[in-house]
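Report on the structure given below.
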Amino acid sequence: MSITTGDFRQRVTVQTLAEKKRKREPIVTLTAYDYATARLADEAGVDLILVGDSLAQVMLGYDSTLPVTMDEMVHHARAVRRAVHRALLVVDMPFGSYHAGKHKALENAVRFVKESGAEAVKIEGGLSRVPLIRRIIGAEIPVIGHIGLTPQSVHRMGGYKVQGKTVDAIDALLADAAALDDAGVSALVLEGIPREVATRISRQVATPTIGIGAGPDCDGQVLVFHDLAGLTFTSPAKFVRRYCDAGELISAAIRSYGDDVRSRAFPADAESYHLPRTAQDAQKAALGATQATSSARQKQAKS
Ligand code: KIV
């Protein structure tokens, strides 16, 4: 199942990301989880579309990313694949899919490539992930790293907290970034870390950095589509910029539809199908005859 054409001239590849870092051109990244939004993102010129495991929360209503399964990720990634013709398509490895050994991790990464047309996979974590990341890259699957506030580590972190605020924590992040860079990741997501630390990492590593809550000095930025569009039900994090209030727009549209159905303003005659004129006349005549018969019967019944 692949809709990719094999013609890479117009497409964003992992080489394009490296080139963009060299040319200091910001990499525009956005999450998408379904055909419609992925198509809008691709047509709007987004460089990298991520089927993030955040879909657990924004699409499936779970309260963290932990429960989402490989099957659920594949299901959404396949829909996104059908819509994306230009952007690089990256799929998140969900919690549990790479924690049970290198072999299982590789099997799951291969599954994303084969079943959903992923062009790269994203894995959370630093130094400790290097052996399995090398194994996946060795199997010709590009990997995107992800360090800082890694939502799959919510229990270890004791909540969704900004990381890298002490000297030791900053040193650990710098070491993670250097190790992933050395392992050959194609990009590195920096989430929820102080701007100053993200700037240091972005300058230190050759791989492009993509920030979310990491300040403006990263080589690119990523937002969750539902945050950008105002489709979330809790107050947004500090780093979120809402570019529209689609939630309010959609609610107002649904309320208007309900009002129109209740008042019979919807559907109008123009929104109805019609028989051809001759058949309409025959139907009117038949309706007239039915009405005449039924009123005659009513009169009979009363007398
Ligand atoms: O799952 C996701 O949406 C992500 C981004 C926030 C980077 O990992």
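Throughout, residue positions are numbered sequentially from 1 according to the sequence presented. All of these numbers come straight from a predicted model, not from anything done at the bench. Indexing begins at 1, ligand by ligand and atom by atom, following the structure's order. All heavy atoms count here, side chains included; hydrogens, waters and symmetry mates do not.
- Nearest to atom 6 (C) of ligand 1 among the protein's heavy atoms is I212 CD1, 3.6 Å.
- The protein heavy-atom contact nearest to atom 7 (C) of ligand 1 is L50 CD2, 3.8 Å.
- Short contacts between ligand 1 and V224, defined as distances under 4.0 Å to a heavy atom of the residue, involve ligand atoms 3 (O).
- Heavy-atom contacts of H146 reach the following atoms of ligand 1: 8 (O) (cutoff under 4.0 Å).
- Atoms of ligand 1 found under 4.0 Å from any heavy atom of T31 (numbered from 1 in listed order, with element): 3 (O).
- For the pair E124 and ligand 1, no heavy-atom separation below 4.0 Å is found.
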| said: Checking V162 against K238 for the side-chain contact (heavy atoms from CB on, under 4.5 Å) test, could you report, in this order, the C-alpha distance in whole Å, the side-chain angles of both residues, the deciding distance, and whether it holds? | reply: CA-CA 11 Å; V162 174; K238 176 180 182 177; over 6 Å; no

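- Salt-bridge check for D42 with R39: failed, with every basic side-chain N at 4.0 Å or more from each acidic carboxylate O.
- Ring pair Y33/H226 is tilted by interplanar angle, where 30° to 60° counts as tilted.
- Counting the atoms of ligand 1 from 1 in the order shown, those under 4.0 Å from a heavy atom of G52 are 1 (O), 2 (C), 3 (O).
- Here the protein heavy atom with the shortest distance to atom 8 (O) of ligand 1 is K122 NZ, 2.9 Å.
- Polar contact with ligand 1: present for D92 (N/O pair, distance under 3.5 Å).
- Rounding to the nearest 0.5 Å gives a distance of 8.0 Å between CZ of R129 and CD1 of I133.
- Minimum heavy-atom separation, P151 to E191: CD-OE1, 3.7 Å.
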Atom pairs and distances, donor-acceptor, side-chain atoms in residues 98-111, under 3.5 Å, two or more places apart:
unit_1 : atom_1 : unit_2 : atom_2 : d
Y98    : OH     : E124   : N      : 3.4
Y98    : OH     : E124   : O      : 3.4
Y98    : OH     : Q152   : OE1    : 2.6
H99    : ND1    : G96    : N      : 2.9
H103   : NE2    : E107   : OE2    : 3.4
K104   : NZ     : E107   : OE1    : 3.3
N108   : ND2    : S97    : O      : 2.8
N108   : ND2    : K104   : O      : 3.4
R111   : NE     : E115   : OE1    : 3.1
R111   : NE     : E115   : OE2    : 3.0
R111   : NH1    : D71    : OD1    : 3.0
R111   : NH2    : D71    : OD1    : 2.7
R111   : NH2    : E115   : OE1    : 3.4

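- Residue pairs meeting the side chain to side chain donor-acceptor pair (under 3.5 Å) criterion with at least one partner in residues 198-217, sequence neighbours excluded, are R195-D217, T199-D217, S202-T209, T209-D219.
- Among protein heavy atoms, the minimum distance from atom 3 (O) of ligand 1 is reached at S54 OG, 2.5 Å.
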